[in-house]
Q: 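Before we start, here is the structure in question, set down as structure tokens.
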Amino acid sequence: MTIGGEDLKTAQTGTVGRSIPRLEAAAKVAGRAEYVHNLQLPGMLHGKIFRSPIAHGRIKRVDVSAARAVAGVHRVVTGEDVRAIVADPHYGPAFHDQPILAFEKVRYAGEPVAVVLASDPHAAEEAAQLIDVQYEALPAVFDEVEAMTSKAVVHEVLRPAGAFPDLRHLQGRKNTNVALDFHLRRGDAGGAFSRADRVFEHTFHTQQVLHVPLEPFVSAAEPGEGSVTIHTASKSPSFVRVEVARLLGWPENRVRVKVPYLGGGFGAKLYIKLEALVTVLALLTRRPVKIALTMEEQFYTLTRHAASLRIKSGVTKEGRITARECEVWWNGGAYADIGPRVTQKSGFTAPGPYDIENVSIDSYALYTNLPPAGALRGFGIPQLVWAYESHTDMIARELAMDPVEFRRRNILRDGRPQATGTVMKDAAIEKVLERLAARMEWKKPFERGSGTRRRGRGIAIGFKASISPTTSVAIVNLYADGSCALYCSTVDMGQGSDTAMAQIAAEVLGIPVEAITVVHPDTDVTPYDMATLGSRSTYHMGNAVRRAAEDARDKLLAAAREAGLPAETTPIAEVFRRKYGMQAGNIVGTGSFIPAYTPTDHDTGQSPNVTPFWMVGGTGAEVEVDTETGRVRVTRLVNVADVGKPVNPRIVETQLSGAAVMQLGFTLFEKMQFDGGQVTNASLAEYKIPGMRDIPVMENEAVDGAERGGPFGAKGVGETGTFSVSPAIANAIEDAVGVRLMSLPLTPEAVYRALRAKQGKPLDD
Amino acid sequence: MTPFELVEPHTLREAAGLLASAEVRPLAGGTAVMLMMKMGVLRPARLVSLRAVEKRYSEIAAAGGELRIGALATLSALERSPLVARAAPVIAQTLRMLANVRVRNVATVGGHLAHADPHMDLPPVLIALGARVSIIDPAGGRTLPLGELYTGYLETTLGRNELVAEVTVPAQGSRRAAYLKCTTRSADDWPALGVAVVLEADGALVRDARVVISAATDTPTRLAAAENALRGARVDEAVLRRAGDAAASEAAVIGDQHGSAAYKRELLRVCLARAVRAVLDEQ
Amino acid sequence: MLGALTKDLGVAVRTIRFKLNGEPVSAEVPPHWNLVELLQNRFGLTGARESCGQGLCGCCTVLVDGAAVSGCLYLALLVDGAEVMTIEHQAAGGGLDAVQKAFIEAGAFQCGFCTPGFVLMTRQLLDENPDPTEDDIRHYLSGNLCRCGAYPEIIEAVKLAARMRKAER
């Protein structure tokens, strides 16, 4: 097999393809790994945020006098103070809609309104409770479908950021909560429905959930002479630099952004979160300022979109899906964040991994008066797969067909166009389905339990297009003794990117991975990277690193040739000694990567190339349902994925299983509860995430695959394990006890109520 | 958290004497007090640490068919005590699922009982076993059945200057007991319902029964009608159904984020039956 | 920082003495600091971290007189006279112990934020119960949360550490 004429190099002797431990393993088990959480700067002030208690209202008066009078308080800063430094203090990746601190209006309960600064965080916290703000309450909207037509309008006027051509038509639009509408039309769905033997239509719902990185959001800023240095737990240092520079009207080179390790990210720590705020506070006070959110405050910062999903399919009596129509409403909360991209990118694959001639998709990003929603491990895909794989299973049952066989008949194969018209390549959908069926021993009889314990099993399969087009740049710096530094702005938040990137560079350079240091993101030092998101790094940054390493290798070989040395056998240090006359100098290789992409047509959503690669993930679940309590125990979870050729198989496996564990929580019990827009379970005591006793027997498999465009055949994996967990479990529940749940989470009460309804004895409220 | 003064008296009675105003709070293990201070719901001017009081209030002893547990014994001391394992194995079984190891290492029995959060696991178990609680004040003290300590959510009959000193638990003896902790979200969640059942039985014939539930009600609640349905009965499905119906109708079940009241009543029927079966199967 | 605090708030700062990772130390502590703040602000030790703030996640695990506690719920003043051990404590000769090596070997962490807590709790578990069953492991560690979901690998690491400790003896 070859890539661009080169051998696909995954020799067993090489570094790529080996399960070496993480580079930072020893530091992490010894508690010495560096996080912004640990950072203390001389003279540093701590900021504590005062937040709006109401979901929507006009700010009438802000009285900070009592707070200012608290002993130890350095300063209290309001939205009006921010405007003294930043005339238009609105930020955001898709829309410039979010103020650094609220002024004139608040749009969700929990929105930052003021900040107290003090050397002692306890004093700041105490004072923040004394801030008095008067509001004129405005009508609020919380439900995403209601937001389509609601008289309550969250933003007076839409302010797209301008970077995205597909948002330009929304500039200046008024009296709407629709922050993006994505439409896709392929074939003639309406006609196909009328010709279909059977038509099925279902509506599904998903709930707001939270990322819950154990290191909560934290940022600090140090003012310099006409410059600022930001230390932040961010997955997008390059974006932070660009956006903060834009807000300040400064050139990029006066904003420095540094990121050490992250204590988890999962999509939360992207774009601007606290960075603009700490920057303004540092510039106002001329002191370093740090804001570290509490666990509670994470609930007011960024959530995952709740969604309502209507899906309709036309099917022949032989079990071929001929048409599918999807309508999706995404609850984006008060600020768009990256929601419009979630709406659009997930829209590409809304009909699922099936070969369907006639497709119609309408997907809407909506503003509501809830905390903002953004990216969360899967970028909308887990919500969509929840709907289409529940729907697919329901159709198979109605047709009395085996669910695996039904999928087999409709599966999207390489070489066939997908809903956007892009032809599938290197997407092992069929292989994932078949390996899943094999691992689940689908053809064998299944022990179904008895009495009050009923067992069932289910499968589901989903896929995702990568985020495109996005840029990564890397630098490889060979030192004179043959050791090497790799400069890249990919953020290691636990996914193992430092290790994977070092393995790629080591493979190209033919040096041991231990000889490579990965320089953490520092925008004064490491080159641009779009962000660490959407499972893009292995592919995009991996390619950039590979190119940078190849560039360095080629320069090294040229230097050897110039010195008359045998290029393949001379030690690196010897080449340097000959070239520079002593142990001195550098050989610097650079590489950048941006994949090809063709924007989708605005009206039809069609494009010959929507993604550089496809991610495919399937899950099989075995469950035991307690028919007397509705409690579901997942006894076995099998995750099968196409990840291309893994750079580090062990880390890849833990990415799959870790993602599945997270999605297991979103499936069974995680749910943000609201009362009038106010979160009522903003703590880990009341918002439960999976613990050790919630974990089933897990099996993970990366199918034998290769991504021709990826570095050494690799592609992204961080999100793949999330795709199919929810519908696999719901399908298994129906298999066990014959009830179908249409909303997440699948709580014991929801299952129990469904069982009672099925018996004709619905439980009263 | 706001600053306060910390004092450490050497006797429990002295400690009680220091609790004169609402601004002063006792601190034993401190897990609940710290949580409430962090949330800002408790802002004491002074904390009275009980750590330096007489050692006997941390001891666990068995005598005369009773366990005497000092209020300052930690939950993990209780969990590991061979005396407890022998006299009341249901307590040790309950502790394994109570909060987590770190909380059990620090939290005390007295604090656990006096906090009066209905989600706590030990109160229903100890009440079902017939525990009595001794209370000390600056002048003297009183003793009362543990069940009578609770008057509402986070509310007890404890006066401002009263402290739990000791809890006395009759050994299980020939009685058999079980505690079912029913969670509806993650396994380590607070319970939606706790059911403690203590039976005196010959085979399936129940001579005496105590049923106490927690978490689904404002206070740990003894279910007399359910006990009556079990007492004197030879347990079969019909008896369990009657006991479950009685429990579901007599308990003042409240709905919350763990489940609606209607659902928790169903849970109560099921868990009561399961707890009784677990006890009888153990014989 | 402390100077400003005591002056402004009139807080009675107390000097406490205790053993920290085997070394006798003393520190001036305001009453409302918790143990994590003491370790971070006075000794620059950041391996115990406050995350959930409610004793539920285990990121702030510290050993006080040999027992694991949640540093975020433990008043700093209460370690006066105690022996405090943190993840930064190194056994004689330095280097990693069996539990740490097993965590690396099993790939039992991703972001690493919860890892010190898991390592300390695993040591406690194996001290008490050198040969735990999987059920024992799940119960003992149920009060430690890992949002990266490395639980299967952590269970594997605990079993491996138990074997490694046995082999060492």
Q: Please flag which part of C:Asp80 lies under 4.5 Å from any non-hydrogen atom of chain B: side chain, backbone, both or neither.
A: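 Looking at C:Asp80, nothing touches chain B.
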Q: Which region of C:Leu75, side chain (C-beta onward) or backbone (N, CA, C, O), has a non-hydrogen atom less than 4.5 Å from a non-hydrogen atom of chain B, or is it both or neither?
A: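 For C:Leu75, the contact with chain B is made by backbone and side chain together.
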Q: Considering only distance and modelled atom types, tabulate donor-acceptor pairs under 3.5 Å from the side chains of residues 15-23 of chain C, sequence neighbours left out.
A:
{"from": "C:Asn21", "atom 1": "OD1", "to": "C:Thr86", "atom 2": "N", "distance (Å)": "2.8"}
{"from": "C:Asn21", "atom 1": "ND2", "to": "C:Thr86", "atom 2": "OG1", "distance (Å)": "3.0"}

Q: Taking atom CZ of B:Arg68 as the centre, does the number of heavy atoms from other residues, nucleotides or ligands within less than 6.0 Å exceed 12?
A: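 No, the 6.0 Å shell around CZ holds no more than 12 heavy atoms from other groups.
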Q: Tell me, which pairs form a side chain to side chain donor-acceptor pair (under 3.5 Å) where one or both residues lie in residues 63-76 of chain C, sequence neighbours left out?
A: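 Those involving residues 63-76 of chain C are B:Arg51-C:Tyr74, B:Arg102-C:Ser70.
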Q: Quick check on C:Leu78 against chain B: is it the side chain, the backbone, both or neither that has a heavy atom closer than 4.5 Å?
A: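 It is both, since atoms from each part get that close.
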Q: Can you pull out the residues in residues 32-47 of chain B with any heavy atom less than 4.5 Å from chain C?
A: B:Met34, B:Leu35, B:Lys38, B:Leu47
Q: Determine, step by step, whether C:Gln124 and B:Val101 satisfy the side chain to side chain contact (heavy atoms under 4.5 Å, CB included) criterion, reporting the C-alpha distance in whole Å, the side-chain angles of both residues, the deciding distance to 0.1 Å, and the verdict.
A: CA-CA 10 Å; C:Gln124 294 291 104; B:Val101 174; over 6 Å; no
Q: To the nearest 0.5 Å, how far apart are OG in B:Ser186 and CG in C:Leu56?
A: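 Here the rounded value is 9.5 Å.
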Q: Among C:Ala68, C:Gly55, C:Ala67, which has the most heavy-atom pairs under 4.5 Å with chain B?
A: C:Ala68
Q: Of all heavy-atom pairs between C:His32 and B:Met1, which one has the smallest distance, and what is that distance?
A: O-CE, 3.1 Å
Q: Using a heavy-atom distance cut-off of less than 4.5 Å, which residues of residues 104-116 of chain B contact chain C?
A: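 Within residues 104-116 of chain B, the residues that come under 4.5 Å of chain C (heavy atoms only) are B:Asn105, B:Val106.
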Q: Show the nearest heavy-atom pair for residues C:Arg14 and B:Leu6, with the distance to one decimal.
A: NH2-O, 2.7 Å
Q: Within the supplied structure, the quantity of interest is the number of heavy atoms (other residues, nucleotides, ligands) at a distance under 6.0 Å from C:Glu105 CD; does it exceed 12?
A: no
Q: Assess whether a salt bridge exists between B:Asp188 and C:Arg138, defined as any Lys/Arg side-chain N lying under 4.0 Å from an Asp/Glu carboxylate O.
A: no
Q: With a 4.5 angstrom heavy-atom cut-off, could you sort out which part of C:Glu128 is near chain B: side chain, backbone, both or neither?
A: side chain
